[in-house]
Q: 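Following this message is one structure expressed as structure tokens.
For the numbers below, each heavy atom of this structure counts, side chains included, while hydrogens, waters and symmetry mates do not.
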Amino acid sequence: MTDTNQRPDNSGDHSAAETLPTQYTPAEVEGPLYERWVERGYFEADAKSDKPPYTIVIPPPNVTGSLHLGHAFEHTIIDSLTRRKRMQGYEVLWQPGMDHAGIATQNVVERELAKEGKSRHDLGREAFVEKVWQWKAESGGQISGQMRRLGDGVDWSRERFTMDEGLSQAVQTIFKKLYDDELIYRAERIINWCPRCLTAISDIEVEYQDDDGELVSIRYGSEADGVVVATTRAETMLGDTAVAVHPDDERYRHLVGTEIELPLTGRRIPIVADAHVDPEFGTGAVKVTPAHDPNDFEIGRRHDLPSITVLDEHGVITVHGPFLGLDRFEARSTIVGALRAEGRIVAEKRPYTHSVGHCSRCKTTIEPRLSLQWWVKVGPLAQAAGDAVRDGRVQIHPKEMESRYFGWVDNLHDWCISRQLWWGHRIPVWYGPNGEVVCVGPDDEIPTGEGWTQDTDVLDTWFSSGLWPFSTLGWPEQTPSLEKFFPTSVLVTGYDILFFWVARMMMFGLYAMDGTPPFHTIALHGMVRDQFGKKMSKSFGNAVNPLDWMDAYGSDAVRFTLARGANPGTDVPIGEDWVQGSRNFCNKVWNATRFALMNGATLDGPLPAAEELTAADRWILSRLNATVAEVDALYDDYQFAKLSDALFHFAWDEVFDWYVELSKATLIAGGPQAEATRRVLGEVLEVTLRLLHPVIPFVTDTLWTTLTGRESVVVADWPVADAARRDVAAEREIETLQQVVTEIRRFRADQGLNPGQKVPAQLDLTGTALTAHEAALRSVAKLQPAGDGFHATATLPVAGAIVALDLSGTIDVVAERKRLAKDLATAEKELAQARAKLANDAFLAKAAPAAVEKIHARQAKAESDITRLTAQLAALPEA
RNA sequence: GGGCGCAUAGCUCAGUGGUAGAGCGCUGCUCUUACAAAGCAGAUGUCGCUGGUUCGAAACCAGCUGUGCCCACCA
């Protein structure tokens with residue numbers, strides 16, 4: 001784990017400890033530290049560098065938004081990945097930027113206008129768009145401020161916005177290319193219309209939920225030869241142009257080809273036979289409204305039926321007559337009333353729960369509507385997007401998510417990309433006075449002259465974000481950055497936008513970049529939830545502003561808590577108590593460093609050879625290198641929860657508790673041994689800080705610079721595991737020591753002794769691995785030398801060592817006898833189980849050797865426990 | 001309707017065949033000079049139910065129950 005950076009002379013400055021207060025105060029450190037990182041250019045990515053590239057593009061947040069815990073979570077993952085790679089010597093680019101988020105942003109600004117009693121139409125298109133830009137200028141800085149608070153190591157000099165000049169050019173370029181390749185076309189179809197947002201939306205922007213509706217049965221035609229149809233949307237009957245039945249349905253066969261009277265309208269409509277109709281459902285006869293239902297539209301096409309639009313863009317009835325001007329829901333009940341008056345309702349309304357589409361932006365019930373829109377023909381694009389994952393060029397983590405991905409790209413309908421909005425990339429198509437249609441590329445001349453107008457629609461916001469991995473790098477220009485940093489390394493995002501964003505990037509990326517996928521790994525994370533696993537929402541009152549927690553506990557604490565919850569692809573619960581726990585951990589790191597500095601931990605000179613070190617030193621170096629290897633493997637597998645947990649336990653339990661305690665005796669004793677330990681203490685701490693840095697950057701950098709006197713851990717080298725420092729013997733030795741110490745402590749606790757109270761003790765360590773550890777053992781277990789008049793009142797044989805304690809007059813024999821008896825019973829039971837197992841021939845024949853070995857070990861341990869406990873019992877004085 | 005997942009300590013979750021784990025919470029004792037945002041010790045689980053495979057199942061298989069998510073043109 002050599003650090004190749006130069007070691008300055010002032011490392012391990014003892015006086016530094018006095019400058020460290022006893023508690024870590026994040027608020028004083030984080031802000032200035034972040035600005036220093038940025039000023040020094042640590043996060044700037046150099047396209048001319050000859051280091052290997054590592055690129056992650058930020059999932060661009062909505063420009064109007066503010067950061068929530070979900071962002072904090074995602075950014076913690078990305079920041080950890082990129083910080084580690086930077087330390088490993090990669091040329092790292094974390095590409096920042098924001099999304100114009102068409103419909104969402106337009107809604108926000110419209111709401112602002114509404115407060116002044118205005119609508120966007122009062123301003124007009126140009127002034128409204130100007131207003132949105134203004135709004136962006138005011139609120140766009142909010143997110144970058146929050147990202148700085150979080151410590152995000154992004155290259156701010158490369159910040160991009162989906163409506164930037166360059167990115168707009170990318171949009172226009174690919175639109176033109178798709179148009180020329182006939183992968184973009186304009187067609188009239190049934191689309192999902194939001195009567196509140198007044199725009200078409202794509203299929204995935206529709207959220208289906210079970211709504212309570214009413215199914216009414218209406219008789220069409222005369223009483224004698226009528227047909228009964230059932231519907232939940234009675235108002236659409238005004239637009240019916242047929243009744244459909246199944247071709248094989250005997251009940252209706254004689255009616256096919258005849259006409260029937262459509263109630264309330266005086267119109268006569270045909271009865272057609274169509275295989276789409278399910279004869280088992282309802283009456284087996286379906287009303288057909290081609291202008292307001294996707295299935296009916298298809299039936300209409302097959303039977304050459306006319307389409308009659310009966311609802312306008314607001315969902316208001318447009319057909320002349322008694323229902324003109326009624327809202328769709330009003331019209332529904334009014335029309336049912338009118339039908340009932342005519343005796344057309346044959347079965348009363350019955351409650352019916354069915355799946356109804358809602359606008360994902362405003363929750364308004366979607367109205368399917370016939371409309372002329374622009375479409376992307378996704379067939380070939382989706383095929384390529386699916387193949388790239390199928391053939392392994394792109395990997396999805398966790399793998400279970402692949403089936404979802406395939407299910408989508410393999411069953412995709414064409415993508416409706418035009419939006420009747422004002423905020424977004426305007427469709428680059430111009431219409432001439434004589435019906436000419438011209439798609440304009442970035443280098444083309446815009447047609448001028450009388451009668452030429454541009455399409456008024458804008459593109460779906462996901463159209464431009466689908467280009468993000470290369471548009472941000474300058475595409476369509478062949479920039480050095482594009483050359484250096486594309487394709488990106490890994491995409492980190494939530495599984496909730498797998499279809500919205502990831503799949504679109506795959507389709508557009510493969511198409512635009514000649515078959516090169518935009519990233520080779522997709523790492524999907526879950527959603528942040530509250531401490532009970534409930535979804536966070538403002539209305540439920542459990543939403544948390546991450547800034548509040550960062551203010552109270554520090555950014556590192558929030559980051560560490562999120563990282564510890566980050567099991568791949570699963571949701572992440574987080575609660576304030578847990579953030580406190582992480583804050584405590586940061587403080588622990590702080591104080592451990594304080595201890596090290598106060599005790600002269602040093603980085604001067606080479607790390608002493610194993611022969612010059614105590615077992616504790618060799619043990620902690622062994623564990624350190626094991627941890628480096630473990631953490632590395634977990635990083636490469638995107639296992640943030642596990643690697644954070646490994647770091648937590650290594651740092652706190654092994655370094656900060658055991659090693660620090662064990663080293664105290666050595667340090668106090670002084671001499672060459674103490675010198676070696678000071679060096680090891682410095683080494684272990686320094687490497688641990690480097691290991692922790694990607695997850696908790698602020699506290700580690702503060703401490704690391706203090707400890708080393710060097711510039712910053714941000715640009716230090718990532719630790720490399722050194723197998724030569726692994727020391728199984730030392731690990732065994734220290735494990736034994738821990739066992740003995742724990743047994744003594746337990747005895748002391750049972751006897752109600754103060755933890756700090758020194759107890760006279762005689763130690764007999766002959767024949768054990770602990771002969772060299774008497775000082776450490778006495779120090780950690782608070783045992784003082786046996787002086788004159790020592791009288792052993794308790795004897796603890798543990799692991800071959802015999803510890804005699806003088807507790808004259810204070811020992812609680814009854815309690816101890818009880819505890820020992822209980823433990824003895826447990827050990828005997830254990831021994832019996834192990835023996836039974838070893839007497840089982842089937843087990844011995846089939847079990848793996850390691851398993852058998854384990855049982856032998858269990859038996860041995862039970863036997864030695866019995867010996868020890870029996871001896872302890874015998875050694876107890878009479879009650 | 002189809003698909004995928006989950007059910008383990010009070011809570012949130014790890015644990016893909018060999019004696020049940022973590023964090024937080026809980027109990028007791030301590031301000032033992034790095035840290036009380038701490039230290040030490042401790043308690044707590046028929047691993048959803050029922051069968052099956054196996055010498056051995058929390059883990060593998062089947063069914064059941066509960067629960068979550070995704071998809072779908074259920075008039």
Side-chain angles (χ1 to χ4, degrees), chain A residues 17 20 22-24 190 204 208 215 229-233 236 244 276-278 281-289 293-298 352-355 368 400-401 403-404 407-408 411 413 495-496 498-499 527 529-533 553 557 561 564-565 567 569-575 577-578 580-599 641-642 645 648-649 656-657 660-661 664 741-742 745-750 752-758 782 830 833-834 837 840-848 850-852 854-855 857-858 861-862:
Chain A
L20 291 183
T22 59
Q23 279 190 4
Y24 172 51
I190 296 282
I204 47 173
Y208 287 90
L215 194 64
V229 300
T231 183
T232 54
R233 295 196 300 156
T236 63
H276 169 261
V277 179
D278 175 7
F281 188 94
T283 59
V286 188
K287 61 191 276 305
V288 181
T289 323
D293 184 278
N295 293 316
D296 294 3
F297 179 75
E298 293 303 322
Y352 183 68
T353 302
H354 60 141
S355 185
E400 298 89 82
M401 286 288 173
S403 61
R404 245 186 226 198
W408 197 70
N411 297 289
H413 293 187
Y495 61 71
D496 58 327
L498 181 62
F499 305 149
M527 305 294 114
R529 293 166 174 268
D530 73 8
Q531 68 268 44
F532 304 112
Y553 308 111
T561 310
R564 290 194 79 188
N567 286 303
T570 63
D571 288 345
V572 185
I574 185 170
D577 288 351
W578 310 352
Q580 281 175 19
S582 300
R583 182 269 316 263
N584 295 353
F585 176 67
C586 294
N587 193 54
K588 189 76 183 174
V589 177
W590 180 270
N591 273 295
T593 308
R594 237 179 122 241
F595 169 84
L597 292 169
M598 289 169 79
N599 285 281
K642 292 195 176 74
D645 203 53
F648 178 86
H649 283 111
F656 304 157
D657 278 348
V660 161
E661 290 308 319
K664 280 178 181 172
V741 168
T742 302
R745 282 174 175 167
R746 185 157 92 145
F747 178 79
R748 295 176 53 118
D750 285 347
L753 293 175
N754 283 359
Q757 187 181 327
K758 300 257 204 248
K782 309 290 178 199
E830 182 68 21
Q833 278 175 3
K837 195 118 198 185
N840 182 338
D841 291 338
F843 168 70
L844 292 173
K846 296 192 179 178
V852 180
K854 261 190 170 174
I855 302 297
R858 261 167 71 188
K861 182 173 185 302

Q: What is the per-nucleotide protein-contact pattern of nucleotides 1-18 of chain B, from the 5' end, where B denotes a base atom under 4.0 Å from a protein heavy atom, S denotes such proximity for sugar-phosphate atoms only, and - denotes neither?
A: ----------SSSSS--B
Q: Take D657(A) and K664(A), find for each the nucleotide of RNA chain B with the closest heavy atom, and name the residue whose nucleotide sits nearer the 5' end.
A: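 Looking at the nearest nucleotide for each, K664(A) comes out on the 5' side.
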Q: What's the gap between G2(B) and A57(B) when it is taken at their P atoms, as a whole Å value?
A: 34 Å
Q: Choosing from G39(B), C55(B), A34(B), which nucleotide comes nearest the side chain of A592(A)?
A: A34(B)
Q: Counting any heavy atom closer than 4.0 Å, what does K861(A) reach on the DNA or RNA strands: base, sugar-phosphate only, or nothing?
A: nothing
Q: With a 3.5 Å cut-off and heavy atoms only, can you find an N or O donor on one side and an acceptor on the other between the side chain of Q23(A) and the base of A37(B)?
A: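 Indeed, a donor on one side and an acceptor on the other fall under 3.5 Å apart.
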Q: Which residues pass the salt bridge (Lys or Arg N to Asp or Glu O under 4.0 Å) test with D530(A), sequence neighbours left out?
A: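 Not a single residue meets the salt bridge (Lys or Arg N to Asp or Glu O under 4.0 Å) criterion with D530(A).
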Q: Using side-chain heavy atoms (C-beta onward) and a distance below 4.5 Å, is Y495(A) in contact with M527(A)?
A: yes
Q: Is a donor on one side and an acceptor on the other found under 3.5 Å between the side chain of N411(A) and the backbone of G407(A)?
A: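 Confirmed, N411(A) side chain pairs with G407(A) backbone.
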Q: Could you tell me whether the side chain of N840(A) and the main chain of F843(A) form a donor-acceptor pair under 3.5 Å?
A: yes
Q: Could you tell me whether a side-chain N or O of N587(A) sits under 3.5 Å from a main-chain N or O of Y24(A), the two making a donor and an acceptor?
A: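 Looks like yes, one N/O pair under 3.5 Å.
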Q: For E830(A), which contact category applies under a 4.0 Å heavy-atom criterion: base, sugar-phosphate, or nothing?
A: base
Q: Taking a pair as Watson-Crick or G-U wobble with both distances under 3.5 Å, which nucleotide is matched to C6(B)?
A: G66(B)
Q: When you measure from the side chain of T232(A), which nucleotide among A22(B), C55(B), A75(B) comes out closest?
A: A75(B)
Q: Suppose we screen for salt bridge (Lys or Arg N to Asp or Glu O under 4.0 Å). Which residues come up paired with K837(A), at least two apart in sequence or across chains?
A: none
Q: Report the residue (V741(A) or G581(A)) whose heavy-atom-nearest nucleotide on RNA chain B is the more 5′ of the two.
A: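 The answer here is G581(A).
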Q: Of all the nucleotides listed (G39(B), C71(B), A34(B)), which has the minimum atom distance to the side chain of E661(A)?
A: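 Of G39(B), C71(B), A34(B), A34(B) is nearest to the side chain of E661(A).
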Q: Mind checking the C1' distance from C55(B) to C40(B)? Whole angstroms is fine.
A: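 Straight-line distance between the two C1' atoms is 42 Å.
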Q: For G21(B), give its Watson-Crick or G-U wobble partner with both distances under 3.5 Å, or none.
A: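 Its partner is C13(B) (Watson-Crick or G-U wobble, both distances under 3.5 Å).
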Q: Under 3.5 Å, which N/O atoms of the protein pair with N/O atoms of nucleotides 42-46 of chain B?
A:
none

Q: What's the gap between C6(B) and C61(B) when it is taken at their P atoms, as a whole Å value?
A: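 My reading of the P atoms in C6(B) and C61(B) gives 11 Å.
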Q: The criterion is salt bridge (Lys or Arg N to Asp or Glu O under 4.0 Å); which residues satisfy it with R529(A), sequence neighbours excluded?
A: D571(A)
Q: Tell me what H649(A) touches on the nucleic acid: a base, only sugar-phosphate, or nothing, going by heavy atoms under 4.0 Å.
A: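 Counting heavy atoms under 4.0 Å across all strands, the contact made by H649(A) is with sugar-phosphate only.
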Q: Considering every strand and a 4.0 Å limit on heavy-atom distances, what is the contact class for Y553(A): base, sugar-phosphate, or nothing?
A: nothing
Q: Let's see if you can work this out: which of C55(B), U30(B), C40(B) has an atom nearest to the side-chain heavy atoms of N754(A)?
A: U30(B)
Q: Take atom P in G48(B) and the same atom in C24(B), then report the distance between them in whole Å.
A: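 Approximately 25 Å lies between the P atom of G48(B) and that of C24(B).
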Q: Classify the angle between the aromatic ring planes of F656(A) and F585(A) as parallel (below 30°), tilted (30 to 60°) or perpendicular (above 60°).
A: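 Tilted.
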Q: Among C74(B), A34(B), C70(B), which is the nearest nucleotide to the side chain of F499(A)?
A: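 Per side-chain heavy atoms of F499(A), the pick is C70(B).
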Q: Using a cut-off of less than 4.0 Å, is there contact between a side-chain N or O of N591(A) and OP1 or OP2 of A38(B)?
A: no
Q: Under a 3.5 Å limit for both distances, which nucleotide forms a Watson-Crick or G-U wobble pair with G42(B), could you say?
A: C26(B)
Q: With sugar-phosphate meaning primed atoms plus P, OP1 and OP2, does A285(A) contact a base, only sugar-phosphate, or nothing at under 4.0 Å between heavy atoms?
A: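 Contact class for A285(A): base.
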Q: P atom, A41(B) versus A22(B): distance in rounded Å?
A: 13 Å
Q: Determine the Euclidean distance between corresponding P atoms of A43(B) and G28(B); express it in Å to zero decimal places.
A: 15 Å
Q: Between the side chain of R858(A) and the main-chain N/O of Q833(A), is any donor-acceptor distance below 3.5 Å?
A: no
Q: Is V660(A) touching bases, backbone alone, or none of the nucleic acid, heavy atoms closer than 4.0 Å?
A: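 Base, at least one base heavy atom under 4.0 Å.
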Q: Can any side-chain N or O of R748(A) pair as donor or acceptor with the backbone N or O of K782(A) at less than 3.5 Å?
A: yes
Q: Can you tell me which nucleotide in A37(B), G23(B), A75(B) comes closest to the side chain of F281(A)?
A: A75(B)
Q: Identify the nucleotide, in any strand shown, that forms a Watson-Crick or G-U wobble pair with A59(B), with both distances under 3.5 Å; if there is none, say none.
A: none
Q: Using the side chain to side chain contact (heavy atoms under 4.5 Å, CB included) rule, take Q23(A) and W590(A) through it: C-alpha gap first, then chi angles, then the decisive distance, then the call.
A: CA-CA 7 Å; Q23(A) 279 190 4; W590(A) 180 270; 5.8 Å; no
Q: For G63(B) versus A59(B), give the span between their P atoms, rounded off to a whole number of Å.
A: 16 Å
Q: Work out how far the P atom of C60(B) is from that of G15(B), and round it to whole angstrom.
A: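 Each nucleotide's P atom is 12 Å from the other's.
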Q: By ring-ring contact (aromatic ring centres under 6.0 Å, His included), which residues pair with F747(A), not counting sequence neighbours?
A: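 Not a single residue meets the ring-ring contact (aromatic ring centres under 6.0 Å, His included) criterion with F747(A).
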Q: Which nucleotide, A75(B), A34(B), C55(B), lies nearest any side-chain atom of N840(A)?
A: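 For N840(A), the side-chain atoms sit closest to C55(B).
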